[in-house]
Amino acid sequence: MISKPRGTRDFTPQEMQKRRWLETKMREIFEKYGYEEISTPTIEHLELFTLKSGEGIIEETYAFEDKAGRKLALRPELTAPVMRFYVEKFQMEPKPLKFYYFGNCFRYDRPQKGRYREFWQFGCELIGSNKPEAIAELITMAYDILKEIGLKNIVLRIGNLDILRKFLDSIGANDAEIMRLIDKKDFDELKKKIRNFEEFEKFINIKDLDELKQDYKEIDKMKEVIEFLEEFSVPYNIDLSIARGLEYYIGIVFEIDAPKLGAEKQICGGGEYSLVPLLGGKSTPTAGFAIGFDRTLLALEMEGFKFVEVEKPIYIAYMHGMLKEAIKIAKMLRKEGMKVEMDLMRRSISKSLDYANRKGIKKVVIVAPEEWEKGKVLIKDMVSGKQEEIDIESLKNQKM
RNA sequence: GCCCGGAUGGUGUAGCGGUAACAUAGGGGACUGUGGAUCCCCUGUCUCGGGUUCGAAUCCCGAUCCGGGCCCCA
């Protein structure tokens with residue numbers, strides 16, 4: 001037997017119903033903020049992803065050569081492709097540009113809970129403005145989406161890489177290794193590496209920007225962002241220890257966690273970044289975020305969220321010799337826009353009812369010769385068990 | 001890349017060295033004018049490969065996949 005590749009998933013009809021629902025819901029909110037959907041290819045030149053992150057990234061990327069020897073990769077994320085698209089096509093468009101996207105990404109990782117080799121990301125990029133209100137609106141939208149879909153328990157943390165780097169400079173501790181340790185929250189190791197650990201500890205535990213003694217211009221901007229967040233009524237936490245893995249992040253960064261998920265609790269991450277110049281475009285401010293679609297769904301499920309059930313089709317059963325008449329009914333009702341399933345197994349009425357029952361179907365139309373003569377069919381309510389004879393025409397008005 | 005724990009009909013499980021069991025589901029029939037019942041029939045050989053043994057689902061090794069945890073995380 002051939003099974004699915006490691007770290008990939010098949011989705012059942014029940015799962016797809018949930019996923020579709022969530023996708024639709026998220027899309028609505030992006031649209032509400034004036035973002036427009038775009039889509040980019042599943043495969044890109046490998047270079048697009050190695051540019052900013054170095055060759056080491058290849059190990060986690062599904063990379064391959066095509067028949068002409070081009071080095072390609074399945075996209076491991078969507079920010080770089082979207083920026084590539086922007087540089088190729090949209091540089092002269094009026095700013096700001098607001099794009100959102102939904103797509104599958106691939107990473108060659110050890111699969112575990114909330115982590116797959118093929119996973120889906122919902123995200124957006126805001127191109128052209130880094131005004132405090134622009135960043136505040138972006139963060140608000142991320143928070144709004146997660147709240148709107150029904151998540152109860154989420155935590156938003158906001159940090160600032162410029163401030164963090166400047167501070168580390170001031171204590172002579174700004175290097176990649178230390179950033180990595182901060183990202184990992186490995187305080188034991190940091191204690192060994194940073195001479196002035198006490199000051200560092202004080203810095204990263206700051207909960208209010210007024211506690212900052214330093215005088216960087218970035219602090220003023222961040223204060224403004226926070227002011228606007230309050231205006232948008234978004235609860236936040238200051239967390240100057242957010243380091244984020246990618247080097248192209250600059251300035252304000254944020255993460256949203258669903259604490260219930262444990263180790264893989266981060267469901268959204270984003271911030272300001274600089275990628276356009278690397279891709280050969282004219283420098284312009286960019287910011288964005290990505291939501292882990294699978295993890296978000298998982299978080300909803302773990303909170304016991306009640307998903308709306310998709311309505312069941314009306315089912316058409318027929319007596320012996322009434323197949324063509326059943327087809328007529330199916331055709332008529334589908335033309336009315338109704339969801340219709342007809343017996344395709346040539347089952348007896350009793351088997352048909354049994355089937356409808358197991359499938360949770362609410363209404364069954366029974367096409368029988370005696371009634372057909374009078375221009376009528378039988379309609380049976382599977383919940384109450386009641387059955388009545390009705391005109392074929394009035395079937396169109398049946399509620400499922 | 002590392003560490004645990006798993007893998008038995010479609011699904012959920014039992015069996016843990018003597019030649020596969022139970023529940024449930026699916027299809028058909030008893031039953032061509034009516035559902036959740038009953039009865040009968042059909043559908044499954046233990047993830048794969050190698051080893052130990054007279055004999056392996058059972059023990060050992062390896063691979064694959066799944067779950068959990070690290071590392072990493074765009």
Side-chain angles (χ1 to χ4, degrees), chain A residues 1-10 12 44 48-54 56-62 73-83 103 105-117 119 121 123 125 180-181 183-186 243-249 253 255 261-271 273 275 288-292 295 315 317-323 343-372 377-389:
Chain A
M1 198 177 67
I2 298 173
S3 55
K4 60 189 182 307
R6 180 158 206 212
T8 63
R9 291 161 295 162
D10 294 318
T12 63
E44 293 276 359
L48 178 63
F49 305 111
T50 51
L51 246 182
K52 36 118 190 204
S53 316
I57 224 78
I58 299 176
E59 283 172 32
E60 290 172 12
T61 304
Y62 278 91
L74 296 179
R75 57 187 179 197
E77 52 111 16
L78 283 160
T79 298
V82 170
M83 285 302 113
C105 300
F106 303 82
R107 280 180 213 175
Y108 197 89
D109 244 352
R110 171 75 170 84
Q112 54 183 273
K113 192 181 176 68
R115 186 153 153 191
Y116 308 96
R117 287 183 174 180
F119 59 98
Q121 275 198 344
E125 312 302 337
R180 201 179 61 81
L181 291 172
D183 194 26
K184 273 169 64 178
K185 312 258 179 281
D186 187 346
R244 294 206 62 81
L246 283 182
E247 278 181 34
Y248 60 73
Y249 276 101
V253 288
E255 296 179 347
L261 290 180
E264 306 290 331
K265 68 183 162 59
Q266 195 189 318
I267 54 175
C268 173
Y273 57 89
L275 209 47
F289 64 80
I291 292 174
R295 282 185 196 175
Y315 185 80
Y318 58 92
M319 298 280 180
H320 200 66
M322 301 301 284
L323 176 52
D343 171 32
L344 298 175
M345 301 280 283
R346 303 198 174 178
R347 276 194 247 248
S348 64
I349 292 300
S350 95
K351 291 279 182 187
S352 271
L353 291 175
D354 190 16
Y355 169 81
N357 184 46
R358 286 194 187 284
K359 294 285 273 190
I361 283 163
K362 302 277 189 300
K363 291 272 172 78
V364 174
V365 174
I366 300 169
V367 185
E370 225 173 273
E371 287 76 10
W372 188 264
V377 291
L378 295 160
I379 182 148
K380 189 175 180 95
D381 184 311
M382 294 300 284
V383 181
S384 66
K386 282 185 192 136
Q387 177 175 310
E388 55 176 333
E389 200 177 293

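Just so it is clear: chains get the letters A, B, ... in the order the sequence lines come, proteins before strands, and each one is counted from 1.
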Item to check | Atom P, compared across B:rA7 and B:rU58: separation rounded to whole Å | outcome: 11 Å

Distances under 3.5 Å between protein N/O atoms and the N/O atoms of nucleotides 28-30 of chain B, please, pair by pair.
none

Checklist entry - Taking a pair as Watson-Crick or G-U wobble with both distances under 3.5 Å, which nucleotide is matched to B:rA21? => result B:rU13

Item to check | Candidates A:K363, A:Q387, A:K386, A:K362 - the one meeting side chain to side chain contact (heavy atoms under 4.5 Å, CB included) with A:K380 | outcome: A:Q387

Checklist entry - What interatomic distance, in whole Å, is found between C1' of B:rG6 and the corresponding atom of B:rG12? => result 15 Å

Next on the checklist: Please find the pair of heavy atoms, one from A:V365 and one from A:I379, that lie closest to each other, and give the distance.
Outcome noted: CG2-CD1, 4.2 Å

Next on the checklist: Pairing check on B:rU38: which nucleotide meets the Watson-Crick or G-U wobble criteria with it, both distances under 3.5 Å?
Outcome noted: B:rA30

Next on the checklist: I need the CZ-P distance between A:R107 and B:rC73, as an integer number of Å.
Outcome noted: 11 Å

Checklist entry - How is A:G385 classified with respect to the nucleic acid when contacts are heavy atoms under 4.0 Å: base, sugar-phosphate, or nothing? => result base

Next on the checklist: Considering every strand and a 4.0 Å limit on heavy-atom distances, what is the contact class for A:L78: base, sugar-phosphate, or nothing?
Outcome noted: nothing

Checklist entry - Please give, in whole Å, the distance from B:rG35 C1' to A:I379 CD1? => result 15 Å

Item to check | ring-ring contact (aromatic ring centres under 6.0 Å, His included) involving A:Y318 - partner list, sequence neighbours excluded | outcome: none

Item to check | Donor-acceptor contact below 3.5 Å, side chain A:R295 vs main chain A:G114 | outcome: yes

Checklist entry - CG of A:D109 versus P of B:rC72: gap in Å, rounded? => result 12 Å

Item to check | For atom CZ of A:R115 and atom P of B:rC70, their distance in whole Å | outcome: 10 Å

Next on the checklist: Output the rounded distance in Å from CG (A:D354) to C1' (B:rG33).
Outcome noted: 16 Å

Next on the checklist: Could you tell me how far B:rA21 sits from B:rA37 if I compare only their C1' atoms? Round to whole Å.
Outcome noted: 26 Å

Item to check | B:rC16 versus B:rA57 - spacing of their C1' atoms, nearest Å | outcome: 8 Å

Checklist entry - Looking only at atom types and distance, does a side-chain atom of A:R107 sit under 3.5 Å from a main-chain N or O of A:P76, one as donor and one as acceptor? => result yes

Checklist outcome for this item: Side-chain contact check for A:R110: nearest option of B:rG35, B:rA74, B:rG67 is B:rG67

Checklist entry - A:G360 near the nucleic acid: base, sugar-phosphate alone, or nothing, with a heavy-atom cut-off under 4.0 Å? => result nothing

Checklist entry - Are side-chain heavy atoms of A:L323 and A:R346 found at a separation under 4.5 Å? => result yes

Checklist entry - With rounding to whole Å, what would you report as the distance between B:rC46 and B:rG18 at their C1' atoms? => result 16 Å

Next on the checklist: Nearest to the A:Q112 side chain among B:rG69, B:rG35, B:rG33, which nucleotide is it?
Outcome noted: B:rG69

Next on the checklist: Is the ring pair A:Y273/A:Y248 parallel, tilted or perpendicular, if the boundaries are 30 and 60 degrees?
Outcome noted: perpendicular

Item to check | Pairing nucleotide - B:rG1, Watson-Crick or G-U, each distance under 3.5 Å | outcome: B:rC70

Next on the checklist: Quick check: on RNA chain B, is the nucleotide nearest A:P76 upstream (toward 5') of the one nearest A:P369, or the reverse? Name the residue that is more 5'.
Outcome noted: A:P369

Next on the checklist: Could you identify the nucleotide paired to B:rC48, looking across every strand shown and requiring Watson-Crick or G-U wobble geometry with both distances under 3.5 Å?
Outcome noted: B:rG62

Checklist entry - Taking OP1 and OP2 of B:rC66, is either one under 4.0 Å from a side-chain nitrogen or oxygen of A:R6? => result yes

Next on the checklist: Using atom C1' in both nucleotides, what's the gap between B:rG62 and B:rG15 to the nearest angstrom?
Outcome noted: 25 Å

Checklist entry - How close or far is atom P of B:rU32 from atom CD1 of A:I366, stated in whole angstroms? => result 16 Å

Item to check | Distance, rounded to the nearest Å, where A:L353 contributes CG and B:rG36 contributes P | outcome: 9 Å

Next on the checklist: Rounding to an integer number of Å, can you tell me how far A:E255 CD sits from B:rA74 P?
Outcome noted: 9 Å

Checklist entry - Does a side-chain N or O from A:R358 land closer than 4.0 Å to OP1 or OP2 of B:rA25, or not? => result yes

Checklist entry - Do you know which two heavy atoms are closest between A:V377 and A:I366, and how far apart they sit? => result CB-O, 3.7 Å

Checklist entry - For A:Y108, is the NZ or CZ atom of A:R117 found under 6.0 angstrom from the centre of its six-membered ring and inside 45 degrees of the ring axis? => result yes

Checklist entry - Across the strands shown, which category fits A:Q387 at heavy-atom distances under 4.0 angstrom: base, sugar-phosphate, nothing? => result base

Next on the checklist: Among B:rG33, B:rA74, B:rC31, which nucleotide has an atom closest to any side-chain atom of A:A368?
Outcome noted: B:rG33

Checklist entry - If you measure from the C1' atom in B:rU43 to the same atom in B:rU24, how many Å do you get, rounded? => result 14 Å

Checklist entry - Out of curiosity, A:L378 CG to A:W372 CH2, how far, rounded to the nearest 0.5 Å? => result 12.0 Å

Item to check | Nearest-Å distance once atom C1' is located in both B:rG36 and B:rA25 | outcome: 15 Å

Item to check | Any donor-acceptor N/O pair under 3.5 Å between B:rA74 base and A:E60 side chain | outcome: yes

Next on the checklist: Please compare A:K113 and A:I349 by the position of their nearest nucleotide in RNA chain B and report the one closer to 5'.
Outcome noted: A:I349

